[in-house]
Undergrad: 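I'd like to ask some things about the structure below.
All residue numbers refer to positions in the sequence shown, counting from 1. Reckoned from all heavy atoms, side chains included, excluding hydrogens, waters and symmetry mates. In this text, all values refer to a predicted model and were calculated from it rather than measured experimentally. Both ligands and their constituent atoms are indexed starting at 1 by order of listing.
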Amino acid sequence: MSTDDDGKRPYQPQPAGPLSAEAREAVYHTIHTRRDVRDQFLPTPLPDDLVRRLLEAAHAAPSVGFMQPWNFILIRDPEVRQRAWEAFSSANDEAAELFSDERQALYRSLKLEGIRKAPLSICVTCDKDRAGPVVLGRTHNPKMDVYSAVCAVQNLWLAARAEGVGIGWVSIFRDEDVRDILGIPDNIEIVAWLCVGYVDQLYQEPELALKGWRQRLSLDDLIFKDGWGRKGD
Ligand SMILES: Cc1cc2c(cc1C)N(C[C@H](O)[C@H](O)[C@H](O)COP(=O)(O)O)c1[nH]c(=O)[nH]c(=O)c1N2
């Protein structure tokens with residue numbers, strides 16, 4: 001598209017009414033059947049064009065000041081994934097110690113990653129300097145860039161669900177371990193380690209709920225009206 005010298009573009013609206021009933025159903029179905037995947041990954045490699053579609057979906061996410069602070073590190077090398085698994089394992093032992101007795105036993109019984117099983121991992125990062133020191137919309141809340149990168153993760157996660165691809169977010173790492181394994185510089189924030197692979201089955205509910213770790217809260221208990229804690233009638 002042509003741009004004027006000042007970079008402005010002609011305003012080109014797109015239709016903005018509701019999607020067809022079928023398309024709406026597809027969107028809600030995708031949202032409600034998305035799951036975090038740990039153990040159900042199939043070893044089948046993911047085609048490049050599919051990975052590209054997932055990344056295009058991530059890259060279409062909203063971002064503060066349109067700064068697009070993300071990078072995507074694609075990790076297929078089994079040796080790198082092995083190192084990441086070892087970093088996970090060590091951090092996971094540390095995390096387990098924080099729970100006592102029965103809760104710790106339950107924690108230790110949970111599978112909380114698919115790093116070696118999934119054929120691909122994607123590390124999503126946030127470059128806080130991507131758009132210079134002053135970013136439209138970030139001035140009064142410096143976390144907004146990381147929130148933006150998380151929006152990219154969610155887009156990727158939903159696109160993956162639509163493609164029959166599972167995603168497992170692994171956050172049980174010491175930051176410095178992932179930084180060291182992937183050679184990530186200090187000025188880049190690590191946002192997510194995502195295990196990515198085909199799945200042919202998904203849990204119908206969050207696995208943590210099924211395994212008795214924690215249940216879904218009632219939405220009605222989470223809605224306030226016109227101020228914190230106000231329930232109204
Ligand atoms: C920021 C963040 C970080 C993590 C997660 C999620 C998010 C959003 N989740 C997945 C999480 O447990 C899961 O989303 C909830 O249990 C709800 O389940 P579903 O995603 O609906 O399947 C997750 N799961 C896991 O097994 N190991 C992990 O380290 C993490 N870390």
Undergrad: Where is the tightest heavy-atom contact between Arg76 and Leu120, given as atom of each residue plus distance?
TA: CG-CD1, 3.7 Å
Undergrad: Could you tell me the residue and atom name of the protein heavy atom closest to atom 20 (O) of ligand 1, and the distance to it rounded to 0.1 Å?
TA: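 Nearest protein contact, heavy atoms only, for atom 20 (O) of ligand 1 is Arg34 NH1, 2.9 Å.
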Undergrad: Which of the numbered atoms in ligand 1 are below 4.0 angstrom from a heavy atom of Leu208?
TA: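 Answer, ordered by atom number: 12 (O), 16 (O).
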Undergrad: With a cut-off of 4.0 Å, which atoms of ligand 1 are near a heavy atom of Ile172?
TA: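 Reading through ligand 1 atom by atom, the close ones are 29 (O).
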Undergrad: Return the residue, atom name and 0.1 Å-rounded distance of the protein heavy atom closest to atom 21 (O) of ligand 1.
TA: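 For this ligand atom, the closest protein heavy atom is Arg35 NH2, 2.8 Å.
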Undergrad: Specify whether Tyr28 and His32 have parallel, tilted or perpendicular ring planes, treating 30° as the upper limit for parallel and 60° as the lower limit for perpendicular.
TA: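 Answer is parallel, since the angle falls under 30°.
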Undergrad: Identify, by atom number and element, the atoms of ligand 1 in contact range of Pro206, meaning under 4.0 Å from any of its heavy atoms.
TA: 17 (C), 18 (O), 21 (O), 22 (O)
Undergrad: Where do Glu189 and Lys128 land on the side chain to side chain contact (heavy atoms under 4.5 Å, CB included) test, with the steps shown first?
TA: CA-CA 8 Å; Glu189 194 143 339; Lys128 296 178 92 67; 3.7 Å; yes
Undergrad: Return yes or no for this condition: an N or O of Ser171 is under 3.5 Å from an N or O of ligand 1.
TA: yes
Undergrad: Does a salt bridge link Glu56 with Arg52, judged by any charged N lying under 4.0 Å from a carboxylate O?
TA: yes
Undergrad: Give a yes-or-no answer on whether the side chains of Arg81 and Ser121 include a donor-acceptor pair shorter than 3.5 Å.
TA: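 Short answer, no.
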Undergrad: Side chains of Tyr107 and Asn92 only: does a donor on one sit below 3.5 Å from an acceptor on the other?
TA: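 Present: a donor and an acceptor within the cut-off.
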Undergrad: Could you tell me whether Arg38 approaches ligand 1 through its side chain, its backbone, both or neither, with non-hydrogen atoms closer than 4.0 Å?
TA: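 Only the side chain of Arg38 comes within reach of ligand 1.
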Undergrad: Hey, are the side chains of Trp213 and Arg103 touching, using non-hydrogen atoms and a 4.5 Å cut-off?
TA: yes
Undergrad: Below 3.5 angstrom, do we get any N/O pair linking Trp169 and ligand 1?
TA: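 Yes, since at least one N or O of Trp169 sits under 3.5 Å from an N or O of ligand 1.
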Undergrad: Quick one: does atom 30 (C) of ligand 1 have a protein heavy atom under 4.0 Å from it?
TA: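 True for atom 30 (C) of ligand 1.
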Undergrad: Does Glu207 have a non-hydrogen atom less than 4.0 Å from ligand 1?
TA: no
Undergrad: How long is the straight-line distance from CG of Leu112 back to CD1 of Ile172, given to the nearest 0.5 Å?
TA: 4.5 Å
Undergrad: Atom CD1 of Ile167 and atom CZ of Arg34: how far apart are they, to the nearest 0.5 Å?
TA: 10.0 Å
Undergrad: Tell me the protein heavy atom at minimum distance from atom 27 (N) of ligand 1, and give that distance in Å.
TA: Leu112 O, 2.9 Å
Undergrad: Checking the N or O distance criterion of under 3.5 Å, is ligand 1 in contact with Val170?
TA: no
Undergrad: If hydrogens are left out, which of Asp36, Val191, Ile31 has an atom nearest to atom 14 (O) of ligand 1, that is, the closest non-hydrogen atom?
TA: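 Going through Asp36, Val191, Ile31 one by one, Asp36 has the nearest heavy atom to atom 14 (O) of ligand 1.
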